[in-house]
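What follows is a single structure, written as C-alpha cells, with notes after it.
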Amino acid sequence: MLRTHHCNELNLQHLNQKVTLAAWVKTLRDKGKIIFVDIRDKFGITQLRAEEGKSPPEVIETMRKLGREFVVQVTGTVIERASKNPDLPTGEIEIEVEHIQILNPSKVPPFLIEDETDGGEDLRMRYRYLDLRRNTIRKNLELRHRIAQATRHYLDSQGFIEVETPMLIKSTPEGARDFLVPSRMNLGEFYALPQSPQTFKQLLMVSGFDRYFQIVKCFRDEDLRADRQPEFTQIDCEMSFVTQEDVLQMFEGLIRYLFQQIKGLELPAFPRMRYDDAMRLYGSDKPDTRFGMPFVELNELVKGKGFQVFDSAELVVGICAKGCAEYTRKQLDELTEFVKRPQIGAKGLVYVKCNADGTFKSSVDKFYTETDLQQWATKMQAEKGDLLLILSGETNKVRKQLCELRLEMGNRLGLRDKNQYSCLWIIDFPLLEYNEEDKRFYAMHHPFTSPKPEDLPLLDNESEYANIKANAYDMVINGVEVGGGSIRIYQRPLQEKMLSILGFSPEEAKAQFGFLMEAFEFGAPPHGGIAFGFDRLCSLFGGADTIRDFIAFPKNNAGRDVMINSPAPISQAQLDELGIRLVNKKA
RNA sequence: GGAGUGGUAGUUCAGCUGGUGAGAACGCCUGCCUGUCACGCAGGAGGCCGCGGGUUCGAGUCCCGUCCAUUCCGCCA
C-alpha cells in the first residue's frame with residue numbers, strides 16, 4: 001500500500017507515530033510562515049502542516065505548488081494540534097510533513113467537490129467521476145450497496161437462490177418498447193434487452209428451483225422522468241407453491257427487514273387496500289397514506305339545486321383540508337390555478353370555508369343554502385376552521401385531478417414528511433384494462449397474471465372483462481409504487497385463453513410465447529412472485545425524489561449519458577456488418 | 001408527441017416597464033499574513049448575455065425560430 005493509514009483514522013493515540021497518507025488535496029490555507037493543507041479520501045479528512053524554518057524547504061516549496069484535487073503521498077509525524085477542531089474525527093491531530101510527493105496533479109475542477117456543491121446537474125453529470133467524489137453522492141451509493149447486501153441476506157435466509165438470466169432475449173409486442181440489438185450472425189434479426197426476466201423466472205419455477213431472486217438490470221425504451229431510467233434495477237423474485245398471501249407475507253418481511261437493518265425502524269404490519277377503494281378514496285392506485293384527507297363523494301347532496309356544473313357531472317367529489325378555512329383569496333386562486341394547469345386539466349375548483357363561527361362561505365353560495373353546505377360539511381367530517389375543496393366531472397378524470405390536489409395540499413400542510421414511512425399493499429387489481437385508442441383490452445399487470453379463481457367464468461363473457469379481478473398486488477410506500485407482482489397462470493389452456501383475449505391469434509401466441517406454454521405442459525407448479533424497483537427503493541430510503549443520485553452513472557432525461565456521450569453513431573463498416581441501412585440520418 | 005421553467009464570468013445567480021460603463025458571491029491568479037480549518041487582507045484576470053432571425057434610433061431585456069437542460073402530461077404490461 002502507498003499509505004499506512006487512511007484520512008479518518010488518526011487521533012491522539014497515534015501521537016509521534018511516523019505515518020504515510022495518500023489522498024486528494026481538499027483545501028490549502030497558506031498563512032505565510034505556516035501552511036495548512038487538508039487532504040481527503042473516502043474515509044475522511046486529515047490536516048497537514050508545514051512551517052518555514054522548521055519543515056524541509058522542498059516540502060514548503062511542494063506544498064505551495066499544490067492545487068485542489070492534486071493526489072499526494074505524504075510522510076510525517078502525528079502531532080497534537082495547537083488549536084483543535086471539534087468538528088473533525090481527526091481534529092485533535094495533524095501531520096507534521098517531512099516528505100511530500102505529488103502523485104498526480106489536477107486541473108482546477110469545474111465545480112466544488114463539497115457536500116454543498118456549486119455545480120448544476122448538467123455539469124455534475126458531465127464530470128460524474130468528480131461528482132462521485134462528493135460525500136453525499138458516495139453515501140447514496142453506499143446506502144444502495146447496504147440495501148442490496150441486506151436484500152441478499154434476507155432472501156438467502158428464506159431459501160431463495162440468485163440465478164442470472166440472459167440479457168439478449170426476444171422482443172415481445174406487449175408492454176413497453178424494447179431496446180433492440182441487431183444480430184450479426186443472424187442478419188436481419190434482432191435480440192431485445194429484457195424489460196424484466198419475467199418468463200425466465202417462471203421457467204425456473206417449472207424447473208423446480210422453488211425460490212429464485214435476482215438483482216437485475218431491466219430495460220424499457222420509454223420517455224423518462226426523475227424516477228425513471230431507460231436501464232434500471234429490479235429485485236426480481238419468484239416462488240413456487242404459493243398463494244397471494246404467502247407472497248405478501250414473504251415480501252412484507254423483506255421490506256420490514258430492510259427498514260430495520262438500514263433505518264433502525266420497526267414498521268407495523270402493512271395494511272391492505274383494494275384497488276377499487278384506493279381509486280375511490282384517493283384517486284390513485286398508489287396513494288400516499290402518510291396523511292388522511294380521503295375523498296368524499298357528494299353526488300346525492302349536490303344534485304338538483306340548479307348548479308349546472310354539478311348537475312351535469314358524473315362525479316362530484318371533495319377533500320377536507322383541516323384548518324384551512326382562513327385561506328386568503330390569493331391562496332384559493334393559487335389552488336384554482338393549480339388544478340387548471342394543463343397537466344391536471346380541471347375546469348375549476350369549488351371551495352367551502354367552514355368558518356369558526358359556524359357559518360359557511362363558498363364559491364357556490366348562489367346555488368346552495370347554509371343548510372346544504374352544512375350537510376356537505378357533515379358528510380365530509382369537516383369541523384369549524386376546515387376548508388372543503390370540491391371538483392366535478394367525469395369519474396376517472398376528476399379522481400385523478402383531486403388526487404393531484406390532495407397531494408398538493410399535503411405538501412402545503414407539511415404532511416409529507418420524508419422521514420415518515422407509510423407502507424401498504426394494493427390488492428385485487430383488475431386483470432384487464434380497456435384501451436380506447438386500440439379498441440382492445442390490455443393486461444393491467446402482464447399477460448401471465450392469473451385471474452381470481454372466482455372470476456374465471458367471466459373470461460367467457462366479453463362484457464365482463466373489465467370486472468375481472470386479478471391475483472395481482474403492488475406495494476406502495478409514501479405514494480411511490482415500489483414493487484408489484486402476481487400469482488401467475490401455470491396451465492396452458494388458461495394462458496392460451498388469456499392471450500386470445502389480448503388479441504393474439506393462436507399462431508401469434510405460439511410464436512411469441514410457445515416456449516412458455518409448452519413448459520406449462522411439463523408439470524409447471526403453481527407459482528407467483530414480485531419485483532421491486534431497486535433504484536426507487538434506494539431513493540426512498542435516502543429521502544430523495546430523484547433516483548439519479550442513487551445510480552453511479554445515470555442517463556439524462558433524453559436517455560443520454562453526457563459523460564461518455566452515448567448513444568453515438570456507429571461506423572458504416574459496423575452498419576454493413578449488421579446489414580443495417582439508415583433512412584433518417586440525423587444531420 | 002404536448003405543456004411549464006431555465007440558459008448572462010470557471011460555477012451559482014441578479015440584471016424592473018428596452019435607454020452610456022454587464023454586476024454579486026464563490027472559484028481562479030498575484031502579493032501579504034505563525035494556528036488556520038467557510039482562514040483573513042490587498043490587488044487582478046476572466047463575458048459572442050445558448051444560437052439564428054426580426055422589431056427598434058437603440059435589445060441581455062420585446063417577438064419568431066432553433067438547440068440544450070430540467071419538471072410534468074401522454075407513454076412506462
Side-chain angles (χ1 to χ4, degrees), chain A residues 26-40 45-55 64 67-69 79-88 90-92 94 107-127 130 172-178 195-196 198-199 218-230 232 337-338 340-345 397 400-401 404 429-433 435 437 441-449 470 472 474 481 484-486 498-499 502 531 533 545-546 548 556-558 560 562 586:
Chain A
K26 180 177 182 290
T27 43
L28 302 135
R29 289 181 297 277
D30 184 349
K31 294 287 296 176
K33 293 248 169 28
I34 186 168
I35 306 169
F36 298 105
V37 175
D38 289 343
I39 56 173
R40 178 203 65 231
I45 295 166
T46 299
Q47 178 168 282
L48 311 179
R49 173 192 193 279
E51 185 179 332
E52 267 178 22
K54 191 171 168 195
S55 305
R64 290 224 159 96
R68 283 157 58 206
E69 303 308 317
I79 60 170
E80 185 168 5
R81 287 202 198 182
S83 53
K84 295 176 177 162
N85 183 346
D87 297 333
L88 286 181
T90 61
E92 294 191 298
E94 62 199 349
K107 297 210 290 191
V108 175
F111 53 87
L112 292 177
I113 300 177
E114 305 283 347
D115 291 358
E116 293 293 324
T117 183
D118 62 354
E121 179 97 357
D122 187 25
L123 202 62
R124 287 170 42 215
M125 288 305 161
R126 198 139 53 83
Y127 298 94
L130 296 180
T172 56
E174 290 286 301
R177 223 171 270 120
D178 288 309
Q195 296 176 29
S196 83
Q198 182 61 34
T199 50
C218 302
F219 305 86
R220 293 178 191 173
D221 187 9
E222 295 292 347
D223 288 357
L224 305 177
R225 293 285 187 279
D227 65 346
R228 245 193 262 160
Q229 286 272 300
F232 60 100
E337 284 308 306
F338 177 82
K340 285 168 85 171
R341 279 165 40 213
Q343 281 89 341
I344 304 211
K397 282 184 184 162
K400 206 168 174 184
Q401 292 158 0
E404 297 294 335
F429 274 83
L431 181 71
L432 299 163
E433 203 175 21
N435 182 296
E437 255 175 60
F441 281 92
Y442 279 87
M444 191 156 186
H445 184 54
H446 58 47
F448 317 110
T449 300
D474 278 357
E481 180 201 322
S486 61
M498 186 68 191
L499 290 172
L502 296 176
D545 294 322
T546 168
R548 285 184 204 142
N556 73 7
N557 71 351
R560 299 200 70 88
V562 293
K586 224 174 161 183

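Letters A, B, ... are given to chains in the order of the sequence lines, protein chains preceding strands, and every chain is numbered from 1.
- Nearest nucleotide to the side chain of A/A226, out of B/U71, B/G35, B/C73: B/U71.
- Residue-level contact check: A/A443 touches the backbone only, with heavy atoms under 4.0 Å from sugar-phosphate atoms and none from bases.
- The nucleotide B/G18 finds no pairing partner, because no Watson-Crick or G-U wobble arrangement with both distances shorter than 3.5 Å includes it.
- Distance from the side chain of A/R225 is smallest for B/C73 among the nucleotides B/U36, B/C73, B/C76.
- A side-chain donor-acceptor contact under 3.5 Å links A/Q47 and A/R29.
- Going from the P atom of B/C76 to that of B/U66 covers 28 Å, rounded to whole Å.
- Taking atom CD on A/Q343 and atom P on B/G2, their separation rounds to 14 Å, with Å as the unit.
- Glycosidic conformation, B/G21: syn, with the torsion inside 90° of 0.
- Taking atom C1' in both B/G54 and B/A14, the straight-line distance is 28 Å, to the nearest Å.
- When distances are taken from the side chain of A/R81 to each of B/U70, B/C75, B/G35, the shortest belongs to B/G35.
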All N/O contacts under 3.5 Å from nucleotides 40-46 of chain B to the protein, with atom names and distances to one decimal?
none

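- Evaluation of atom-type donor-acceptor distances gives no pair under 3.5 Å for the side chain of A/E52 against the base of B/U34.
- The nucleotide whose nearest atom lies closest to any side-chain atom of A/I34 is, among B/G35, B/U12, B/G74, B/G35.
- Pairing of B/A38, defined by two Watson-Crick or G-U wobble distances under 3.5 Å, is not identified with any nucleotide.
- When each of B/U36, B/U11, B/U34 is scored by its nearest atom to the side-chain atoms of A/K33, the top-ranked nucleotide is B/U34.
- Judged by atom type and distance alone, A/R228 reaches the base of B/C75 through a side-chain donor-acceptor pair under 3.5 Å.
- One N or O donor and one acceptor, one from the side chain of A/E94 and one from the base of B/G35, sit under 3.5 Å apart.
- In a base pair of the Watson-Crick type (N1 to N3 plus N6-O4 or O6-N4) or a G-U wobble (N1-O2 and O6-N3), with each distance short of 3.5 Å, B/U55 is matched with no nucleotide.
- Pair assignment for B/G6 gives B/C68, based on Watson-Crick or G-U wobble hydrogen-bonding distances that are each under 3.5 Å.
- Judged by distance alone with a 3.5 Å cut-off, no donor-acceptor contact links the side chain of A/R49 to the base of B/C37.
- Contact annotation: A/K397 side-chain N/O to B/C73 OP1/OP2 distance is not under 4.0 Å.
- The nearest heavy atom of RNA chain B to A/R548 and to A/G120 marks one nucleotide each, and the one closer to the 5' end goes with A/G120.
- Using C1' as the reference atom, B/A9 and B/G60 are 14 Å apart when rounded to the nearest Å.
- Using a 4.0 Å cut-off between a side-chain N of Lys or Arg and a carboxylate O of Asp or Glu, A/E69 and A/R40 qualify as a salt bridge.
- Pairing each heavy atom of A/R220 with each of A/S196, the nearest pair is NH2-CB, 4.2 Å.
- Of the candidates B/C26, B/U36, B/A69, B/A69 carries the atom nearest the A/A558 side chain, counting heavy atoms from C-beta on.
- Side-chain to base pairing of A/R124 with B/U11: no donor and acceptor N or O lie closer than 3.5 Å to each other.
- Taking every heavy atom of both residues into account, A/T90 and A/I45 meet most closely at OG1-O, 2.5 Å.
- Among the nucleotides B/A69, B/U11, B/G1, the one closest to the side chain of A/D223 is B/G1.
- Looking at A/E51, its side chain comes within 3.5 Å of the base of B/U34 through a donor and an acceptor atom.
- Using a 4.0 Å heavy-atom distance criterion, A/Q47 is classed as a base contact.
- Across B/A24 and B/C63, the matching C1' atoms stand 30 Å from one another, rounded to whole Å.
- Residue A/R29 has its side chain nearest to B/C39 when only B/U11, B/C39, B/U70 are considered.
- The separation of B/G15 from B/C49, taken at their C1' atoms, amounts to 10 Å, rounded to a whole angstrom.
- For the pair A/E51 and A/R49, the salt-bridge criterion is met [side-chain N within less than 4.0 Å of a carboxylate O].
- Nucleotides B/G35 and B/U30 place their P atoms 23 Å apart, quoted to the nearest Å.
- In a base pair of the Watson-Crick type (N1 to N3 plus N6-O4 or O6-N4) or a G-U wobble (N1-O2 and O6-N3), with each distance short of 3.5 Å, B/G27 is matched with no nucleotide.
- The closest side-chain heavy-atom distance from A/L502 to A/L432 is below 4.5 Å.
- Taking only side-chain nitrogens and oxygens, A/R68 comes nearer than 4.0 Å to OP1 or OP2 of B/C28.
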